[in-house]
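Note that this is a predicted model, so its numbers are computed, not measured. Numbering starts at 1 and runs along the sequence shown.
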Amino acid sequence: MLPSSESNYQPVEDSQTKLDQFLVCGLGSLGQHCVAVLKEYGAVVNAIDQEQPQHLEIPNLLSLLENLFIGDCRQSSVLEQANISQCQTVLLVTSNERVNIESAFAARLLNPQVRLVVRSDKQNLNELLSQTLGNFIAFEPNQISASGFALAALGDDNLGYFQLEERQFRVVKRQIKISDNWANKWRIHELNTLYRRVLNYANDSSPLPKEFHQWEPEATLNPGDTIIYIEVTEQLKSLKKIAPVPKYNWQQLWQEIVLGRTWKNLKNKIAYLLRTFSRYQSLRVAIICGITVLFLWCFGTIIYILNYPESNIIEAFYAIAVLLLGGYGDVFGGVNFKTPPETAESMPGWLRLFSLALTVTGIGFVGVLYALLTDALLSSRFQFFNNYQPLIPQKDHVVLIGLNRVGQRVAALLQEFKQPLVGISSTAINADFINKIPLIIDNIADALDKVNLANSKSVVVVTDDDMENLEIALMAYAKSPKTRVVIRTYDRYFRDNVARLFPYAQVICTSAISAEVFAAAAFGENILSLFNFDTQTILVVEYMIEAGDTLNGLLLAEVAYGYGVVPILYQSLKRSPVKFMPSDHTQLAVGDRLIVLANSHNLQQIERGEMFPRNWQVQIEKVLAQDAIFDGANEISIISGCNIGIARELMHNLPAPLPVALYKQQALLLVRRLSKLRVTAHLKPFVQDTN
């Protein structure tokens with residue numbers, strides 16, 4: 001979860017000063033990408049750096065800047081020269097956290113209204129400064145990008161995880177198979193429920209669209225199609241907990257045995273145990289010895305009881321135990337097995353020989369068990385004092401190369417997902433991290449031969465050198481072509497080139513991802529989380545609706561289809577219950593809270609109030625029942641947002657077109673609702689009346 005701030009911040013203006021500029025302090029990799037993203041919003045951007053930038057990751061950087069000032073951004077004179085008094089937001093993104101914090105103090109003194117977006121990893125300090133300074137938010141790029149690497153490493157159908165209101169949200173990519181219960185049965189819009197929303201769809205012959213909502217809602221899912229959706233997973237779990245547990249009876253058990261389900265589960269469990277035991281030689285030996293001793297114990301007891309029917313079974317049981325533990329002399333030195341007493345000399349010779357064999361066999365097997373137990377105790381003691389590390393996984397694990405701050409954060413996230421992993425580093429690691437995961441500190445080329453690379457799930461390379469990351473990734477791919485490769489880079493153009501030349505690799509640019517978060521926060525957006533979605537970054541953004549907002553007064557259908565975002569949470573007042581996956585006909589008002597999924601382009605559209613055009617109109621033909629006139633007018637008003645009086649007049653003068661242009665998904669929903677009310681209607685392209 002990313003830090004939060006005041007959402008949808010509106011710059012304060014007085015009669016003398018207009019806050020309409022943005023200032024970026026620090027033109028490293030992150031600073032340059034921040035400038036590029038801010039310009040996409042149409043902002044006026046100035047920058048401060050200690051020296052003229054030597055390495056331009058954004059080729060036209062200088063042309064994007066209104067002014068570049070050379071100096072120390074902690075100095076008031078430099079900030080004043082950079083027009084701090086006219087700045088809406090200052091982004092402090094140098095590589096030195098102390099410089100960023102000191103510059104934030106100086107900026108706040110010079111402009112009490114300016115918004116401060118700071119690069120800092122001091123979480124406790126950041127929270128205190130946010131409370132003290134106000135209009136302050138801090139992010140750490142390593143923390144922002146780590147979740148992207150972790151999810152890419154998992155490589156399954158789960159594209160993203162985040163938490164809202166103590167509920168876990170999951171973004172899933174699913175390819176429809178012939179056996180899928182969704183195949184040939186469901187239309188796309190039918191998959192939308194109170195706890196699920198479709199984000200993207202493509203049939204087997206076309207690529208996934210770049211934007212949300214770019215598909216036909218009436219399309220039927222077929223085998224080979226790909227669908228991406230978001231769901232509330234915690235709600236599903238809670239429903240399972242609430243559901244009553246059925247009583248189990250013997251008839252049900254017998255039916256399961258007859259159907260083979262219980263036997264199938266038992267076979268699967270036995271196979272799993274055998275696979276587990278096969279990995280540990282000492283464990284296999286211990287189990288074999290234990291089973292053998294137990295068999296001899298039971299078998300010997302039965303032999304003695306059969307030969308001495310009058311004897312006590314408990315005495316025979318303990319006598320065999322004594323024999324197995326090497327007590328042959330103790331048994332035949334006075335232990336009797338029947339009443340009246342019978343001496344050992346009268347015992348058959350074969351039985352005495354059998355007893356001796358039990359003693360010899362027992363000494364051997366029990367001795368092995370003692371030895372294994374002693375070895376385990378000594379090994380655990382030595383491993384404790386010698387910084388014991390977990391064993392390297394055998395298969396389906398992640399190989400994490402580069403255990404810097406990003407790497408350690410990725411490792412922590414993978415452990416939260418219960419994903420087996422092994423780390424590789426060419427340099428020493430801090431002591432706090434050493435025992436957390438299996439670790440190899442060695443030359444990376446040699447270390448790749450020690451991590452069961454051929455059976456791994458993915459290789460994640462996150463060292464601080466782009467070229468080294470590429471070299472390691474190519475080595476890993478050469479050794480194991482089936483393993484997924486994830487590469488870290490700072491340069492988005494390097495990312496694009498590598499992605500085109502090596503399509504098997506997933507390349508993530510940390511600076512580009514972080515810049516989108518910093519830029520969105522510069523406009524006052526509250527960024528709650530993010531994930532990667534089809535080569536682009538999707539932000540989880542919170543809005544608090546205020547007077548004058550571009551969202552105020554809109555239906556959620558207009559927000560979703562007009563700005564290309566996906567509303568996933570709505571709350572009418574702060575203390576009212578939240579609604580997950582809210583309905584399209586919900587209308588926003590001042591004080592409402594809304595959380596959406598959006599990319600950087602969507603946020604820019606919302607900031608500027610630029611909506612997609614409404615190109616469709618609903619033609620209403622006739623009503624099949626008299627009561628449908630009243631109900632149909634209500635439905636039209638709710639879904640389209642038009643005046644109820646206009647809707648009622650329309651329903652009394654059919655056939656007629658609805659005099660309001662709608663988005664296609666919105667219009668299709670209205671047609672479906674009217675059809676249920678026995679009102680005939682259909683879509684047609686909207687033609688603007690020029691008169």
Side-chain angles (χ1 to χ4, degrees), residues 187-190 192 197-202 206 209-220 549-567 582-588 594 596 598 601-602 604-624 628-691:
R187 290 179 292 180
I188 297 178
H189 72 84
E190 294 174 334
N192 291 330
R197 275 293 180 273
V198 175
L199 302 181
N200 217 334
Y201 163 80
S206 61
K210 293 297 183 182
E211 300 288 342
F212 297 131
H213 313 303
Q214 302 299 311
W215 64 84
E216 290 295 330
E218 300 293 331
T220 302
D549 287 355
T550 57
L551 300 180
N552 186 25
L554 296 181
L555 297 174
L556 287 188
E558 297 172 308
V559 175
Y561 311 125
Y563 291 118
V565 302
V566 179
S583 59
D584 282 354
H585 57 263
T586 302
Q587 188 170 25
L588 295 176
L594 178 67
V596 302
H601 178 66
N602 303 142
Q604 295 167 30
Q605 286 182 280
I606 294 176
E607 185 67 26
R608 296 190 292 262
E610 297 176 355
M611 302 179 69
F612 295 120
R614 299 171 174 85
N615 295 324
W616 295 91
Q617 194 172 25
V618 175
Q619 174 72 26
I620 304 175
E621 299 293 346
K622 60 182 178 178
V623 296
L624 304 179
I629 296 176
F630 178 82
D631 295 335
N634 290 339
E635 203 70 34
I636 290 172
S637 177
I638 291 172
I639 295 178
S640 69
C642 79
N643 182 274
I644 185 64
I646 296 176
R648 295 196 190 284
E649 183 180 354
L650 173 70
M651 292 299 293
H652 284 93
N653 295 278
L654 299 180
L658 179 65
V660 177
L662 302 175
Y663 294 104
K664 187 172 186 177
Q665 294 88 337
Q666 187 183 13
L668 286 171
L669 174 62
L670 179 57
V671 170
R672 290 195 298 269
R673 292 287 185 88
L674 291 176
S675 176
K676 291 181 180 180
L677 296 174
R678 292 174 294 177
V679 177
T680 304
H682 64 270
L683 266 66
K684 68 176 186 178
F686 176 72
V687 179
Q688 184 70 40
D689 187 1
T690 57
N691 295 328

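The side-chain heavy atoms of Glu610 and Gln604, taken from C-beta on, include no pair separated by under 4.5 Å. Under the 4.5 Å side-chain criterion, counting only non-hydrogen atoms from C-beta, Leu551 is in contact with Tyr563. Considering only heavy atoms from C-beta on, Gln605 stays 4.5 Å or farther from Met611 through its side chain. Inter-residue side-chain proximity for Asp584 and Tyr561 is flagged as met; some heavy-atom pair is nearer than 4.5 Å. For the pair Ile639 and Arg673, the minimum side-chain heavy-atom distance is below 4.5 Å. Contact annotation: the side chain of His585 never approaches that of Leu669 to less than 4.5 Å [non-hydrogen atoms, C-beta and beyond]. For the pair His652/Ile629, a side-chain contact is recorded, criterion being any heavy-atom separation below 4.5 Å from C-beta on.
Rounded to the nearest 0.5 angstrom, Asn653 CG and Ile620 CD1 are separated by 11.5 Å. One finds the CD1 atom of Ile636 at 12.0 Å from the CG atom of Asn643 (value rounded to the nearest 0.5 Å). Summarising the geometry, atom CG belonging to Asn615 is positioned 9.0 Å from atom CZ belonging to Phe686; distances are rounded to the nearest 0.5 Å.
Taking each heavy atom of Ala598 and Val565 in turn, the nearest pair found is CB-CG1, 3.5 Å. Across Ala681 and Val618, no two heavy atoms sit closer than the pair CB-CG1, 4.0 Å. When all heavy atoms of Ala647 and Cys642 are compared, the closest pair comes out as CB-SG, 4.1 Å. Heavy-atom minimum distance, Gln617 versus Leu658: NE2-O, 2.8 Å. For the pair Pro657 and Leu650, the tightest heavy-atom approach, listed with the atom from each and the gap, is O-CD1, 3.5 Å. For the pair Ile644 and Ala633, the tightest heavy-atom approach, listed with the atom from each and the gap, is CD1-O, 3.7 Å.
Judged purely by atom type and a 3.5 angstrom limit, Asn200 uses its side chain to pair as donor or acceptor with the backbone of Pro209. Under a 3.5 Å cut-off, the side chain of Thr220 and the backbone N or O of Arg187 do not form any donor-acceptor pair. Looking only at distances, a side-chain donor or acceptor of Tyr663 sits under 3.5 Å from a matching main-chain atom of Phe612. Side-chain atoms of Ser637 never come within 3.5 Å of backbone atoms of Asn634 as a donor-acceptor pair (strictly under, hydrogens ignored). Of the possible donor and acceptor atoms, one in the side chain of Asn192 sits under 3.5 Å from a partner among the backbone N and O of Val198. For Gln666 (side chain) and Glu558 (main-chain N/O), no donor-acceptor pair under 3.5 Å exists by modelled atom type. Judged by distance alone, with hydrogens and angles left aside, the side-chain atoms of Gln665 form a donor-acceptor pair with the main-chain N or O of His213 at under 3.5 Å.
The salt bridge (Lys or Arg N to Asp or Glu O under 4.0 Å) test applied to Arg648 returns no partner, not counting sequence neighbours. Annotation: salt bridge (Lys or Arg N to Asp or Glu O under 4.0 Å) contacts of Arg197 (sequence neighbours excluded): none. By the salt bridge (Lys or Arg N to Asp or Glu O under 4.0 Å) test, Glu621 is found to be paired with no residue, residues two or more places apart in sequence or in another chain being considered.
Heavy atoms from other residues, nucleotides or ligands lying under 6.0 Å from CD of Glu211 number more than 12. Other residues, nucleotides and ligands contribute at most 12 non-hydrogen atoms within 6.0 Å of the NZ atom of Lys622.
In summary, Glu190 and Arg672 do not engage in a salt bridge, as defined by a charged side-chain N under 4.0 Å from a carboxylate O.
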Margin query: Pair Glu635, Leu677 - check side-chain contact (heavy atoms from CB on, under 4.5 Å), show working.
Written below: CA-CA 9 Å; Glu635 203 70 34; Leu677 296 174; 4.0 Å; yes
Note to self: Run Leu556 and Leu594 through side-chain contact (heavy atoms from CB on, under 4.5 Å) and show every step you take.
What the structure shows: CA-CA 10 Å; Leu556 287 188; Leu594 178 67; 3.9 Å; yes
